[in-house]
Asker: 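The structure follows.
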Amino acid sequence: MELIVTEKDNAARRIADILSDGGAGADRRNGVNVYRWGDKRCVGLSGHVVGVDFPPEYNDWRDVEPVELAGASVVKNATKENIVSTLQSLAGEADSAVIATDYDREGELIGKEAYELIDAVADIPIKRVRFSSITEREVKNAFAAPDDLDFDLAAAGEARQIIDLVWGAALTRYLSLTAGQLGNDFISVGRVQSPTLKLIVDREREIRAFDPDDYWELFADLQQGDDEDERFEAQYFYEGDDGTENERVWDEDEAETAYEKLRGADAATVESVRRRTRTDDPPAPFNTTQYIRAAGSLGYSAQRAMSIAEELYTTGWITYPRTDNTVYPEDLDPEELLATFADTGAFGEDAASLLEQDDIEPTAGDNETTDHPPIHPTGEIPGRQDLSEDEWEIYELVVRRFLATCAEPATWAHLRVVAAANDCSLKANGKRLVEAGYHAVYPYVGSTENYVPEVEEGEELGLFDPRMEAKETQPPRRRGQSRLIETMEKMGIGTKATRHETIQKLYDRGYVEEDPPRPTGLAMAVVEAAERFADRIVDEGMTAQLEGDMDAIANGEKSLEEVTDESREMLEAVFEDLHEHRDEVGDFLKESLKADRTLGPCPDCGEDLLVRRSRRGSYFVGCDGYPDCTYTLPLPSQGEPTVIDETCEEHGLRHVKMLAGRSTFVHGCPLCKADEADAAEDRVIGACPECGDGAAGSAANGDGEAVEGGELAIKQLRSGSRLVGCTRYPDCDYSLPLPRRGDIEVTDVRCDEHDLPELVVRDGEDDDDPWELGCPICNYEEYRERQAASEIEDLDGVGAKTAEKLAQAGIESLDDLSGADPDGVAGEVQGVSADRVREWQAQVG
DNA sequence: GCAAGGTC
């Protein structure tokens with residue numbers, strides 16, 4: 001028997017299909033798919049199935065000096081045991097094996113890992129095949145002429161693993177220990193995450209150091225003939241000393257002078273007219289970075305964009321979403337794919353219109369790699385009803401990008417008019433789309449026109465409404481997630497599959513908050529401390545050097561040991577510097593951690609009020625003087641609190657913001673909130689359904705228990721939240737949630753079912769479209785149902801299809817999912833593995 | 001419990 005090993009199940013299935021001419025069957029062994037035809041077996045790994053780590057004697061952070069990790073050995077352990085055991089049991093039955101992992105460096109290393117696992121249990125020949133897209137021609141050619149594994153290339157990957165682990169672990173442990181941050185809140189650094197964080201921190205430093213300058217810009221409307229509809233805007237400009245054209249006037253007096261001149265003019269004479277034709281080329285095929293950028297402009301976070309793309313890929317609608325390639329492979333026939341779309345509803349007309357072109361020559365980007373083709377739709381086309389709204393929007397983006405790459409360039413007519421009025425120059429730039437080209441099928445990039453009429457040199461134009469606008473220079477903007485990913489790619493750090501995860505990691509570690517990501521005080525301090533004492537770890541040059549060393553290993557110029565030994569020595573040198581400044585580093589980090597949590601003076605004792613966490617895990621505001629001072633204030637229960645710069649004028653306390661993804665909100669000054677709650681009166685709206693008159697279990701029901709007479713009231717809590725709760729609290733804890741914002745009005749309309757008044761939430765007094773919340777019980781019930789459905793779809797890798805299939809299997813809420821048996825679900829729901837269910841359960845917590 | 005890289 002011959003065993004074929006691929007990097008992932010999806011590839012295994014497709015390769016089996018090609019090599020068997022569609023005749024392969026599938027067995028499930030140990031939760032792993034094994035494809036079978038003739039005397040062949042084909043199994044897919046799940047990326048790396050073994051991982052590097054230190055031997056167990058290095059496990060205890062407190063017992064081992066971090067610097068010892070610089071000299072520690074590194075071992076490999078199985079991380080996917082079911083796959084490893086399946087692979088090895090298949091190897092035991094095989095006479096030969098073929099490694100068919102991805103055609104890139106990491107694929108070679110994954111291949112070597114498989115090689116060693118096979119070699120440990122079977123003495124059989126092991127070959128290697130390479131192909132850059134899974135098409136019949138490429139795959140059959142590759143298998144017809146198998147090659148050998150490239151052990152040098154794999155060793156290059158191993159060097160990276162070792163260096164990343166040693167540097168990352170040693171410095172992470174060191175910083176965490178000196179700052180006293182063990183457990184969940186350790187302080188992590190690494191070759192990729194730390195330069196990325198420095199990128200964000202550096203931009204923040206520029207923003208903080210920015211000193212704005214005032215300037216003025218002047219405009220006037222020009223008009224040809226008498227038609228007011230023909231007016232167009234022109235901007236004042238002047239020639240600088242070096243002959244450059246300037247719009248910004250930096251001196252207010254000069255601006256006033258120009259403004260007065262414009263006000264004194266009622267006409268302008270056209271001095272020059274320049275007409276030009278510009279072509280605007282269609283975009284290149286999608287690689288991961290450009291896909292994330294395009295999805296970002298539709299409002300998707302990098303993480304969400306990748307999660308949806310992975311779902312579309314696993315269902316078979318689009319190709320593999322993790323790719324650097326921007327050149328379609330030769331065996332992709334764009335005409336054939338267009339023809340497939342031409343038969344379908346949603347994109348039929350657009351695809352058909354492209355097929356009418358004389359010849360179809362798709363665009364190509366600069367990056368041609370062997371890993372995977374650019375992201376494009378497959379020939380399998382979903383119906384609108386097969387996808388959720390988000391999935392459809394993303395799918396449409398991928399399809400339209402493919403269409404755009406097959407389309408013609410667009411043509412623009414540019415018209416530049418310069419006119420003079422009372423010694424002032426005015427200019428207008430007109431832009432008209434002559435040939436829509438790819439814009440007709442790709443509406444995501446701007447094609448806005450700017451109307452300027454056809455005027456002639458020497459023509460007199462009317463001048464109206466001169467205006468002068470005071471402006472100031474703006475600090476550089478924070479980079480959004482997709483901009484960060486593009487910059488990382490340019491800097492050469494991270495990979496297509498990890499850059500978005502690195503950014504997510506910065507969020508998870510408390511280094512950045514909000515979107516676009518803004519660094520916390522901790523992040524500023526970690527970067528600064530690293531710059532001073534361990535510069536290498538925040539330097540993108542570390543990756544550049546590593547890349548060079550990896551190339552040297554791959555082409556046999558250096559050995560793995562030479563490269564890793566040299567790196568370990570460098571790390572030891574870094575530690576000499578760190579040890580000299582141990583206390584300084586620790587104090588610096590501790591101070592910044594505390595500053596991130598400090599609100600301001602305690603009204604009782606004057607020490608600092610801090611955001612603290614109770615033993616039960618909930619957050620509150622407490623005094624640094626504890627236990628001498630026991631002053632506390634409550635915080636909302638939803639979200640993670642973060643202290644923002646805005647400060648309460650009355651109490652001198654910084655405001656608190658609660659981070660909870662889409663439900664993030666500013667809580668404000670916690671002392672103000674508590675005061676407001678103390679001053680607010682409860683508003684009674686009816687009887688408590690648990691203990692009030694007429695409630696089940698009351699004497700009125702005839703079962704002998706006492707009526708307690710509890711009533712429901714609208715209450716404001718000191719934590720800032722509002723609810724409808726029982727007046728007998730805490731004896732009765734019945735409650736219904738109410739929105740945090742808006743004025744709540746009690747109407748005269750009553751709910752028949754619950755005998756409670758309907759409520760209306762008004763956002764300010766003149767809100768004429770208020771939210772009709774209705775009966776608070778009905779509202780809560782509806783809310784719960786919506787919540788349960790959307791929570792399932794919010795899990796990573798669950799799309800509309802999967803959510804639907806899970807619902808059919810009786811899993812309709814997170815509670816259902818937590819209580820489910822993973823193997824049972826895997827058996828019942830096609831395409832969902834038990835491991836996957838366990839991951840979702842872990843996400844639910 | 002540390003990293004970064006695969007995959008999901």
Side-chain angles (χ1 to χ4, degrees), chain A residues 6-12 32 44-54 56 58-64 66 68-70 72 74 79-80 83 101-102 104-114 154 156-177 181-196 303 306-315 320-322 371-372 488 493-499 501-502 505 509 537 542-543 546 550 571 795-799 802 831-840 842-843:
Chain A
T6 70
E7 190 153 324
K8 43 191 170 275
D9 174 60
N10 222 302
V32 182
L45 306 174
S46 182
H48 290 287
V49 294
V50 296
V52 289
D53 204 352
F54 299 110
Y58 291 93
N59 279 354
D60 193 319
W61 291 33
R62 273 176 255 253
D63 273 1
V64 181
E68 287 180 46
L69 297 178
V74 169
T79 50
K80 305 266 166 63
I83 298 179
T101 48
D102 291 354
D104 54 21
R105 186 174 58 219
E106 215 60 27
E108 208 68 22
L109 175 53
I110 291 166
K112 188 199 165 195
E113 289 161 4
E158 286 180 296
R160 178 200 56 70
Q161 287 186 317
I162 293 167
I163 290 169
D164 281 342
L165 175 67
V166 168
W167 279 76
L171 290 172
T172 294
R173 286 193 193 183
Y174 179 83
L175 293 181
S176 304
L177 283 163
Q181 291 287 111
L182 296 181
N184 283 332
D185 298 323
F186 62 86
I187 295 176
S188 77
V189 287
R191 174 180 58 83
V192 174
Q193 61 166 290
S194 299
T196 305
Q303 192 76 227
M306 285 311 288
S307 167
I308 296 175
E310 278 153 20
E311 175 81 11
L312 293 173
Y313 154 72
T314 3
T315 341
Y320 193 65
R322 291 186 273 259
D371 55 356
H372 296 91
M488 291 170 77
I493 55 176
T495 71
K496 68 226 173 188
T498 57
R499 292 187 191 107
E501 292 172 0
T502 298
K505 182 180 279 184
R509 294 285 152 82
I537 204 69
M542 181 167 174
T543 297
L546 182 59
M550 283 196 287
L571 179 59
L795 294 168
D796 268 352
V798 181
T802 313
V832 170
S833 70
D835 275 347
R836 196 100 171 104
V837 176
R838 282 185 203 103
E839 266 170 46
W840 290 332
Q843 276 183 57

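In what follows, chains are A, B, ... by sequence order, proteins preceding strands, each numbered from 1.
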Asker: Heavy atoms under 4.0 Å, any strand shown: does A/Leu182 hit a base, just sugar-phosphate, or nothing?
Answerer: base
Asker: Give the rounded distance in Å between these two atoms: CD1 of A/Ile162 and C1' of B/dC2.
Answerer: 16 Å
Asker: Could you give the OH-to-P distance, from A/Tyr313 to B/dC8, as a whole number of Å?
Answerer: 5 Å
Asker: Under 4.0 Å between a side-chain N/O of A/Arg160 and OP1 or OP2 of B/dG5, yes or no?
Answerer: no
Asker: Counting any heavy atom closer than 4.0 Å, what does A/Tyr320 reach on the DNA or RNA strands: base, sugar-phosphate only, or nothing?
Answerer: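 Counting heavy atoms under 4.0 Å across all strands, the contact made by A/Tyr320 is with sugar-phosphate only.
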Asker: Please check if the side chain of A/Arg173 supplies one atom and the backbone of A/Arg62 the other of a donor-acceptor pair under 3.5 Å.
Answerer: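 Absent.
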Asker: Return the 5'-most residue of the pair A/Ala169, A/Gly47 with respect to DNA chain B, ranking by each residue's nearest nucleotide.
Answerer: A/Ala169
Asker: Of the nucleotides B/dA3, B/dG6, B/dG1, which has the atom closest to the A/Trp61 side chain?
Answerer: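 The answer is B/dG1, which lies nearest to the side chain.
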Asker: Whole-Å distance between B/dG1 P and A/Asn184 CG?
Answerer: 11 Å
Asker: Just call it for A/Glu501: base, sugar-phosphate, or nothing, with non-hydrogen atoms closer than 4.0 Å on any strand.
Answerer: base
Asker: So does A/Asp104 pair up with A/Lys496, basic N to acidic O under 4.0 Å?
Answerer: yes
Asker: With heavy atoms under 4.0 Å as the rule, sort A/Asp53 into base, sugar-phosphate or nothing.
Answerer: base
Asker: Can any side-chain N or O of A/Thr196 pair as donor or acceptor with the backbone N or O of A/Val192 at less than 3.5 Å?
Answerer: yes
Asker: Take atom CE of A/Met550 and atom P of B/dG5, then tell me their distance rounded to the nearest Å.
Answerer: 9 Å
Asker: Pick base, sugar-phosphate or nothing for A/Asn59, based on heavy-atom distances below 4.0 Å to the nucleic acid.
Answerer: base
Asker: With DNA chain B as reference, determine whether A/Phe186 or A/Asp102 sits nearer its 5' end, using the nearest nucleotide of each.
Answerer: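 Its nearest nucleotide being more 5', the pick is A/Phe186.
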Asker: Are any of the side-chain heavy atoms of A/Leu45 and A/Glu113 separated by less than 4.5 Å?
Answerer: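 The answer is no, as the side chains (C-beta and beyond) never meet within the 4.5 Å cut-off.
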Asker: At under 4.0 Å between heavy atoms, what does A/Arg499 touch on the DNA or RNA strands: base, sugar-phosphate, or nothing?
Answerer: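 Contact class for A/Arg499: none.
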Asker: Distance check needed: B/dG6 C1' versus A/Arg322 CZ, whole Å only.
Answerer: 8 Å
Asker: Choose from B/dC8, B/dG6, B/dA3 the nucleotide whose nearest atom is closest to any side-chain atom of A/Thr495.
Answerer: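 Of the options given, the side chain of A/Thr495 lies nearest B/dG6.
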Asker: Assign A/Asp60 to base, sugar-phosphate, or nothing according to its heavy-atom contacts below 4.0 angstrom with the strands shown.
Answerer: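 Here A/Asp60 touches the bases of the nucleic acid.
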Asker: Between A/Asn10 (CG) and B/dG6 (P), how many Å, whole number?
Answerer: 17 Å
Asker: What is the distance, to the nearest angstrom, from the CG atom on A/Leu45 to the P atom on B/dC8?
Answerer: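 Going from A/Leu45 (CG) to B/dC8 (P), I get 11 Å.
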Asker: Indicate whether OP1 or OP2 belonging to B/dC2 is found under 4.0 Å from a side-chain N or O atom of A/Ser188.
Answerer: no
Asker: Scan A/Gly494 against the nucleic acid and name what it touches under 4.0 Å (heavy atoms): base, sugar-phosphate only, or nothing.
Answerer: sugar-phosphate
Asker: Under 3.5 Å, side chain of A/Glu7 to main-chain N/O of A/Asp102, donor-acceptor pair present?
Answerer: yes
Asker: For A/Met306 and B/dC8, give me the distance from atom CE to atom P, rounded to whole Å.
Answerer: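 In whole Å, B/dC8 P and A/Met306 CE are 12 Å from each other.
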Asker: Hey, is the side chain of A/Asp9 pairing donor to acceptor with the base of B/dC8 inside 3.5 Å?
Answerer: no
Asker: So, does A/Lys80 get its side chain near the phosphate of B/dG6, meaning an N or O under 4.0 Å from OP1 or OP2?
Answerer: no
Asker: Closer than 4.0 Å, any side-chain N/O of A/Gln161 to the OP1 or OP2 of B/dA3?
Answerer: no
Asker: Might you work through the salt bridge (Lys or Arg N to Asp or Glu O under 4.0 Å) test for A/Arg160 and A/Glu106, ending with a clear yes or no?
Answerer: CA-CA 10 Å; A/Arg160 178 200 56 70; A/Glu106 215 60 27; 2.8 Å; yes
Asker: Should A/Arg191 and A/Leu546 count as side-chain neighbours, where that means a heavy-atom distance under 4.5 Å?
Answerer: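 Yes; the side chains approach each other to less than 4.5 Å.
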Asker: Within the 4.0 Å heavy-atom criterion, would you say A/Val52 contacts the bases, only the backbone, or no part of the nucleic acid?
Answerer: base
Asker: Please pick, from B/dC8, B/dT7, B/dG5, the nucleotide with the shortest atom-to-atom distance to any side-chain atom of A/Glu7.
Answerer: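 Within the option list, the nearest is B/dT7.
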Asker: If the cut-off is 4.0 Å, is A/Arg509 near the phosphate of B/dA3, judged by side-chain N/O to OP1 or OP2?
Answerer: yes
